[in-house]
Amino acid sequence: MEKELQKIGHRIKLLRIENKISQKVLAKKLCISQTHLSNIENGRVGVTLLHLIKIKELFECPIEYFFEEKTLSENEAEKNEC
């Protein structure tokens with residue numbers, strides 16, 4: 001379970017960084033503290049389904065992104081190869 005939390009948290013962090021959004025800004029949009037977001041991104045605590053849905057909507061990505069083995073960039077590269 002811990003590994004899955006780390007994976008989901010890492011995906012959230014990647015999205016945030018790719019979109020050039022600070023932890024402070026994303027935390028505010030989620031109505032959580034920056035510390036809590038840091039804990040989520042580092043896999044120390046889990047993310048709620050409601051927060052995951054909100055993140056999905058903010059970054060306009062499929063919910064599957066948080067559970068897949070590939071990153072969005074890798075998925076886009078595959079689409080462009082076809």
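The chain is numbered in sequence order, starting from 1. Everything numeric here is computed off the predicted structure, so don't read it as measured data.
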key: Heavy-atom pair with the smallest gap, counting every atom of F66 and K7   = O-CE, 4.3 Å

message = Between E68 and R11 (salt bridge meaning N to carboxylate O under 4.0 Å), is one present in this structure?
response = no

ask   = Just how far is it from atom CD1 of I55 to atom CD of E60, taken to the nearest 0.5 Å?
value = 14.5 Å

query = Is a donor on one side and an acceptor on the other found under 3.5 Å between the side chain of H10 and the backbone of N42?
reply = no

inquiry  = For T48 and H51, which I'm curious about, is there any donor-acceptor pair between the side chains at under 3.5 Å?
reply    = yes

Gap between atom OG of S33 and atom CG of N39 - 0.5 Å precision = 7.5 Å

remark   = dist L26:CG -> I21:CD1 (nearest 0.5 Å) comes out at 6.5 Å

Nearest heavy atoms of L15 and F59, plus distance in Å = O-CE2, 3.8 Å

ask   = If two hydrophobic side chains count as joined below 4.5 Å and joins carry through other members, does F67 share a cluster with V47?
value = yes

inquiry  = Please find the pair of heavy atoms, one from V45 and one from L5, that lie closest to each other, and give the distance.
reply    = C-CD1, 4.4 Å

inquiry  = Can you give me the closest heavy-atom contact between K54 and L30, atom names plus distance?
reply    = CG-CD2, 3.4 Å

Non-hydrogen side-chain atoms of L58 and N19 separated by less than 4.5 Å = no

inquiry  = Are the side chains of Y65 and L14 in contact, using a 4.5 Å heavy-atom criterion?
reply    = yes

message = Applying side chain to side chain contact (heavy atoms under 4.5 Å, CB included) to R16 and E41, what does each step give before you reach the verdict?
response = CA-CA 10 Å; R16 181 180 59 73; E41 288 184 350; 2.6 Å; yes

ask   = Are I8 and I63 in one and the same hydrophobic cluster, where Ile, Leu, Val, Met, Phe, Trp and Tyr link if side-chain heavy atoms are under 4.5 Å apart?
value = yes

query = Taking a hydrophobic cluster as the set of Ile, Leu, Val, Met, Phe, Trp and Tyr residues connected by side-chain heavy atoms closer than 4.5 Å, whether directly or through intermediates, do I17 and I12 fall within one such cluster?
reply = no

task = Check C61 against K56 and note the closest heavy-atom contact, atom names and distance.
result = O-CG, 2.7 Å

query = Heavy atoms, side chains only, cut-off 4.5 Å: are K28 and Q34 in contact?
reply = no

